[in-house]
Every structure is written in structure tokens, then in C-alpha cells.
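Contents: one structure, followed by commentary.
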Amino acid sequence: MSKNLVIVESPAKARTIEGYLGKDFVVKSSYGHVRDLPKDDMAIDIQNGFRPIYEVTPDKRQVISELKKLVKESDVIWLATDDDREGEAISWHLKEALGLKDDTKRIVFHEITKKAIQNAIESPRLIDIDLVNAQQARRVLDRLVGFELSPVLWKKIKSGSSMALSAGRVQSVAVRLIVEREREIDGHNTKSSYKVTAQFIVDNGKILNSELPKNFSTLDEARAFLDKCREAIFTIRNLETKPAKKSPAPPFTTSTLQQEASRKLSFSVLQTMTLAQKLYESGKISYMRTDSISLSQEAIDKAKQAITSDFGEKYVHTRQYKTKSESAQEAHEAIRPTDFSVKTAGGDRNEQRLYDLIWKRSIASQMADAQLERTTATIGISTTPEELIAQGEVIKFDGFLKVYLESTDDEDEESKGMLPPLSIGQVLNLDQMKATQKFSRPAPRYTEASLVKKLEEMGIGRPSTYAPTISTIVKRQYVIKEDRPGKERDFKELILKQGQIQEKTGKENYGSEKAKLFPTNMGLVVNDFLVEYFEGIVDYKFTANVEKEFDEIANGKVGWQDMIQNFYGDFHRNVETVQGATLTGSKPGSRDLGIHPESGKKVSARLGKYGAYVQIGEATDEDKPQFANLKKDQLIESISLDEALDLFSLPREVGFFEDKPMVIGIGKYGPYVKHDDKYVSLSKDDDPYTVTAERAVELIQQKRIENISESIGEFEGKLITTGKGRFGPYVKHDEKYISLPKGEFPAGLTLERAIELIQQKRLTESNKYIREFPENPAVKVVNGMYGPYLAIGKRNIKIPKDVEPASLTLEDCLKLAGDTGGDEKPKAKKGTKAPAKSTVAAKKTAVKK
DNA sequence: CAGTGAGCGAGCTTCCGCTTGACTT
């Protein structure tokens, strides 16, 4: 009986598969990639065919050493990493790192079913070195681009270790999309037109809504039309009923899951992925990082069963969806429940909500089309050839909509409702007709999820990187995700009622944004720089083009080094040129705004180390130039001279309080009110440029209240006091301090609330220590944020999953401490700095062993 | 705790893609 070791990428997958394979098989996981280029060194021998110098990733050393042990004990090794470019490379790296033979068995499967695994075991192949080379080309290209481009930004735009700038094939395009969308919106020319709608009352008091297919471009035209309708007779000229159908959407991929969870549940892409990961680890859903929309036959059969038992057989319509995406690699199934008969996922509320979404979408994908009937009524007007149109929709058979209709949070599909009974020739009674001014809208700003959608459409990035890419561009402060209030505008409306036309002006709010991505000044500057000097890299088609070349490598038609050489020549020359050149034109991120009307000095907006600012005068002037920061949200490229000069109105006196002046300013720690030599920070919602004296007084008084400690009552015979200390506002009772939760202040704190907080704190305290030992008070079993751990003196030791923390004895604890005890190696100090790196990393070829 | 931005230059930073568990009041 031979012993088998199967290596997959994910531990959850390993657990499942082990169950399918029986006793002779041990299934372990590599936890993703095990070797990579070192983090802080180019590690590519450019002179020698771009030879990459890999190392076992530090956090994978243990994985590798454990796998090595198992390899020794096994007769047959099966490399079962994902069936895509990265997966093939992981197998190859495993082979190299574990010292396996070239003929090690490589197996692949696209679904985690017993049958699929057994089939795979029956038809092993060898590692596909061409595919591995395509991955190496991808890796080397990304490293070259990232590690040569980023330093150009440090040199030409801003350097500094905190919030370092960076550029890369994926992130820079993501930023570009956001920047260009913002400019599109900025340049949008709002046009208005007048939309005509009419409401009729039919025999039995029911209402018929209709509209004119065309809009009028001016108020006068709209008025002329309504004028004609004043005395008109309205007749049904035509009634047409057509069957229609709606089909369900395919089951989720990573990207569509992120979009839907964003729209329906308002989750961020990171939140969605974290929840999905939990569902995956607890065995509730299939793998969540996938670009495939197909389901295993087994899953389809199970879905069919579930639909039949829940809704009946006529609701079943199984389908196999095929991806339209060229970049899809389809190593996994679409995202689906592992068991369709399970409707609850356990875990917290949001896990359940996400699971519900996945369940519904997967089930719906295997359900019948909805059958509809659309009725169109054409309404003639006796005084003009124009016609009004009324449309209604009736669901004849709900099909998959049954699953969606159950959901309360589905609002994207507004149903049109039914038309009242009508007949041709019927004369209608006009209740009122309106011509309402409508404004054209610019393209919408990106949300995280719509950005992911766009990137996916362009074939940029992978399911595993969508969420991290967004984190990167936010962390670099190229973009910011936030809400912004809208503006108000007037709109005109003409109303025809009882033969009279009335003109009305209404107000509407427009342009308010929620959780949208906006470019920052830094994002604009870095993007413009890259577009100007490295257009080839931030070109939207760059990834698509290199992907084609990677495919050729994978097909064995092109050598990977040749491909990289071909790319690198021009790219590197360009890097050198831009590095060395004094940039033509003005410094990136600088813009002249005009002349200061009083002093005649030049006014300019620039990007500095601390952000964007406006400067009056030149550094070379006799007297020093004056500076002022731009407000949050103000962009260098769009600030006007007036807005810029307005920034110099700080610090300003807003008024007096208790005979002393209050001064508003902006300091190192943000906007403040200074009064009686004491500073009070403004709140986030206060604009220092417009804040009033009343508000300033309020802030000063609020601060006083917070700082004064006062007793608010007694509890268990001891005083409860509130106050503000080093760590913020607190409640104190029995010599113990409790920090107030965010948003709560001592000022409004009731005795009841204070007692609640004290009891809450006791509860968590009592839950915290799972076990204590009177014999040895230094040893405790503690419930920590990341699970139970053992605290012995100053050391903390994680308690293994298979140990029940509540039943540990003191001896167990000491043993646990002894097992994992002490031999922590001090990290080898990073070598004293190597001689200055030449521009290329040729030197690093010196063997690393 | 309540000012800084240029320039002089050393020394710091960085990519994309695959995975989860390490941080502990």
C-alpha cells in the first residue's frame, strides 16, 4: 500500500479533498505561493536573461519544512495546485523548493467533487514548463515595471518613507480611470430639456400614467405643446400586447459578487471578501476567488433538487453558463453554496446576508425564465400629431423572480405595474399634464465595486487582487473614498390642470455622492506624470497586449526572456531618460493662478511635502512668500484665484467670548479655535472658513464640560464620576476607568448609561479569563481578540485549535508553554548596507547560498 | 502641540499574485 501526498493551495480545500481520497492519501496545502522574488531587492539578473533570484518567502519556511518531512514519508507526490498560470508556477516552485523529481505527478481539477478528484488522480500529467514560464514573465515584468517606475516618482515628485509613492501595471491604471472620470465629470456640460408626462383618470377612478417619447429643449416649446393640449381630446389609438421574458443572471464570480454586495448590502469589496472567506472556511460556499460562471454538474443537479422541493418542478431550468471574458482562467467553479438545502450560514448577520445573496443568485441561475406581458397604449391628441405612450407590465409566470422577489433589498428592477383596462377608441379624461425640466447627468463616479468591474472588463488584475489594489491606491493617497454633499439647483415645471397652465420653480438636490472614489491632488499629479512620460505603461491596452504575449509563451511559441528583453529595452531607456532629464514645463503639480490684486505678486498652487498649498510671491522675493493650505477636496487643477486668496483669511477673529477674542486657525493638528490661550479642535464637519462665533462658543463650552470631572451618582455605594483623561472621556467607578464609546460624551451621560457601561465591562472582564490558577497566578488562559491564548508571565502562546481552553489544567498549560518554548531566533540583521546599487541589479547575481 | 512649502543631499520607500494566520488589555 503506497503512501500519497497531495499538495493543494488552500487548507480548506485540503480538508475537503482528504475526505474524498481515503486512507492512503495525505492532503496538505501550500498556502498559496511558496517562493517569490525577495521583497526589498530587484533580484533579477538583467544581464543574464533576466534570471529571477527566488527565495522561499519568509512566512512559508515552516510550510516548506513540514512539507519536506511529509515528502520523505511518502511514495507518491501529487501537485494539485490550481489549473491556471499561477497555480502551475506554484507547483513548479514546490518542486524546486522540495527537491522533487522532474517527473512528479501534476493533477488538476476545476471543481471540488469526489468524481472530479478521482478523475484527476487517474490522469496525471507533468508540470507544463511553458505555462510556468508565462508566469515568470508576468512576475518579472511586474517587478521591473514597479521597481523601476516607483523610484522615478520618488525622484521627480516626492520622496519620503512615510506614504511612499508607487506605480505599477495595475494600480496606475486604476488611478488613471478615476482621474479621467473626475475630469469628465468636471468638464460635463449640463444640458436641460423638458419631459412631458400626463395622468389620466379612467372610468373606475383608476389612474393611467403616460409620457411623451420626445423631450423639448426649451421652456417655450414645452409651453406651446401644453397650450395645444389645453382643449384637446385624448383617445386610445392603439393597444399592443407583447410577450417578453427575463432570464436570470449567471452565478457569481468574485467581481460580480463584489458588485452585488456593494449595491444591495453596501459592503466594501474588502468586507465582502472577508465575509466570503469566512463562509468558505466554514464550508458554506465554494471558493470565492474565481472568474468562472460555470457550475459542476453535481451542483446543478443539487440546485435542481432544491428548486423542485421549494418551488416545484416547473421552476427548474438548468443552464451551463459560458464566460465571455477573454482574460478568465477558470480554475474554479462559480461561487455557490456547497449545499443548496442549507439556508442559514451561521456566523454573524452580515455573513448570513452575504450567504443569502449567494444562495439566491445561484439558485435563480438554474430557474426558469420569467414570462411577462408588456402592454403599450398609444394615446392620440386631437390638436397635434404627437402621441403619448403608456406602458404596463404583467408577470405571467414569475420563474426565477420568485427568489428575487422574496428579497426586500432589491430595488434595481422597478416593476412598471399593470395598466388599467383600456380599449381602442376610448376617450380619456386628462387629470394633469406636466412638463418638467430634466438635466443631463455626467458619467457616475466609480465606487469600489464599479472600479473592479471596469478593471475586470479591461482584463486588468485578478480576483485575488481586486480588493488589495483598491487598498493600495487608497493607502498611497492617490484616491479617497468618501461621501460628498450635493448642490441645490432650481428646476422649472409647467403644470396643465383644468385648462390652466401654471409655471412653478422647484428645488432639487443633485450630485451628492456616497462612498465614491475621488482623486486627490497627489493622484492627479502622479497620474499626469505617468501619462506624459510613461504612456506605454498606463495605456489601457498595455495589460491586454502583454497578456497576449504571455499566452504565446504558454503555447511555447515565444521564449519568455525574449519577450521581456523586447519590452525592457525601450522601457528602461525611457526610465533613464526621464530620471536624468530636467522636466520641461513647470514642475509637476504646480499651476499659476494669476496676480495678487493688492501686491501684484504671482499666485500659484503647488503640491508640497505636506500636501497642496497656495503661495503668494516667489522664494526669491525680498520679503518671504506667504503660504496657505488648500482645503480638503480642493484640487490644484481647478482652484480659482478668488478661492485661493480666500485661504489667507486664516487665522481670523470670529468674535468675543467672556471678553476675550476667539481666533480660528489651522494648526498642525487641524482646524482650531483659540480662546484664552487654550485650543479647541473643530469637529470634522466644521469648515474653519465659515464657522460662526456661536459655534465657536459652543465648542469651547463643550470642551469645558468634557474636561471637568463630576460625580453623576452612586452605584453599589461608590461614586461614579466622569471626566476626560489622557485616553479620552471616561467613566470612573471603584477606582476603575472605562473609556466611553465613540460618539458618547460625559456631558450627556446619564446614571443609567454609566451603570450599563460598568456592567458591560464586568461582563467582558469575566469572559476574558477562561481559567486562572490559584497555585500559580502568573498563568492564565485568556480569551483574546484573536482567539484563546495562554498567558504566562510576559509570554503569550496561542492555544492550538484542537485543544479545549476551558478544560486546561495547570500542568497542560506548563506543558504547552514548554513545547513551543523559547528558541525564538533573533532575526539575522540585514547585512550592513551593500555597496551602492547600480541602476540594474546585475550585482545581485552573486550566488546567494 | 498649534507651521510648513524652494534648494542643498543622505537615506528611507516600491511591483502583482497566490494563500491564511500572526499580531494580544
Side-chain angles (χ1 to χ4, degrees), chain A residues 8-13 29-37 39-42 57 59-60 63 81-82 84-87 89-90 93 135 138-154 158-172 277 280-281 287 289 331 460-466 468-469 472 476 543 587 590 604 606-615 618-620 624-629 651 663 665-672 674 677-679 681 764-765 768 782-791 795-798 801 833 836:
Chain A
V8 296
E9 289 180 37
S10 142
K13 204 187 216 181
S29 130
S30 74
Y31 296 84
H33 272 294
V34 292
R35 295 204 313 176
D36 191 16
L37 301 170
K39 198 169 70 62
D40 43 19
D41 183 8
M42 178 67 92
T57 320
D59 60 334
K60 295 297 166 52
V63 173
T81 52
D82 295 349
D84 57 18
R85 196 162 67 202
E86 297 295 328
I90 292 175
H93 280 298
Q135 192 274 348
R138 199 280 304 153
R139 181 68 190 91
V140 166
L141 178 108
D142 282 336
R143 173 54 70 93
L144 288 170
V145 169
F147 274 39
E148 292 212 7
L149 226 42
S150 301
V152 179
L153 299 181
W154 305 337
K158 193 192 86 167
S159 76
S161 53
S162 69
M163 243 92 74
L165 300 181
S166 66
R169 177 176 57 83
V170 173
Q171 58 166 292
S172 298
Q277 177 86 29
Y280 170 64
E281 281 172 13
Y287 195 59
R289 289 185 278 264
I460 298 175
R462 301 281 311 135
S464 68
T465 60
Y466 295 139
T469 298
T472 300
R476 300 265 172 263
T543 289
K587 197 178 162 9
S590 164
S604 55
R606 304 177 187 189
L607 193 60
K609 229 197 283 186
Y610 306 106
Y613 64 96
V614 177
Q615 177 176 340
E618 299 281 354
T620 49
K624 282 190 173 175
Q626 282 180 279
F627 301 104
N629 287 322
V663 175
I666 299 186
K668 233 201 245 176
Y669 310 102
Y672 61 84
K674 186 178 172 192
D677 280 329
K678 286 193 274 284
Y679 291 86
S681 292
T764 50
E765 290 276 89
K768 193 164 154 182
V782 189
N783 212 355
M785 245 205 300
Y786 309 96
Y789 66 97
L790 184 62
R795 286 179 49 210
N796 292 312
I797 299 145
K798 189 169 171 58
K801 275 205 177 110
K833 215 49 204 171

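All values below come from the heavy atoms of this structure, side chains included, with hydrogens, waters and symmetry mates left out. Quick caveat: nothing in here was measured; it's all calculated off a predicted structure. Chain identifiers are assigned alphabetically (A, B, ...) following the order of the sequence lines, protein sequences preceding nucleic acid strands; residue numbering begins at 1 within each chain.
A:Arg143 contributes no side-chain N or O that forms a donor-acceptor pair with the base of B:dC16 under 3.5 Å. Judged by distance alone with a 3.5 Å cut-off, a donor-acceptor contact links the side chain of A:Arg139 to the base of B:dC15.
A:Ser150 places a side-chain N or O within 3.5 Å of a backbone atom of A:Gly146 that can act as its donor or acceptor partner.
The side chain of A:Asn629 lies closest to B:dG5, out of B:dT13, B:dG5, B:dT14.
A:Tyr466 is linked by a side-chain hydrogen bond (donor to acceptor under 3.5 Å, both in side chains) to nothing, counting only residues two or more places apart in sequence or in another chain. Applying the side-chain hydrogen bond (donor to acceptor under 3.5 Å, both in side chains) criterion to A:Arg462, with sequence neighbours excluded, gives A:Asp291.
Within the structure, every side-chain polar atom (N or O) of A:Gln135 is placed at least 4.0 Å from both OP1 and OP2 of B:dG17.
At the heavy-atom level, A:Val170 lies under 4.0 Å from the strands shown only through sugar-phosphate atoms.
With DNA chain B read from its 5' end, the first of the two nearest nucleotides for A:Arg289 and A:Gly611 is the one closest to A:Gly611.
Counting only N and O atoms by type, the side chains of A:Tyr280 and A:Ser10 include a donor and acceptor under 3.5 Å apart. For the residue pair A:Gln615/A:Gln626, the side-chain donor-acceptor check at 3.5 Å is not satisfied.
Consecutive Watson-Crick or G-U pairing (both distances under 3.5 Å) never extends over three or more pairs in DNA chain B.
Using a 5.5 Å limit on the distance between ring centres and a 30° limit on the angle between planes, the aromatic ring of A:Trp154 counts as stacked on the six-membered base ring of B:dT13. Lacking a ring centre under 5.5 Å from that of the base six-membered ring together with a plane angle below 30°, A:Tyr31 does not count as stacked on B:dT19.
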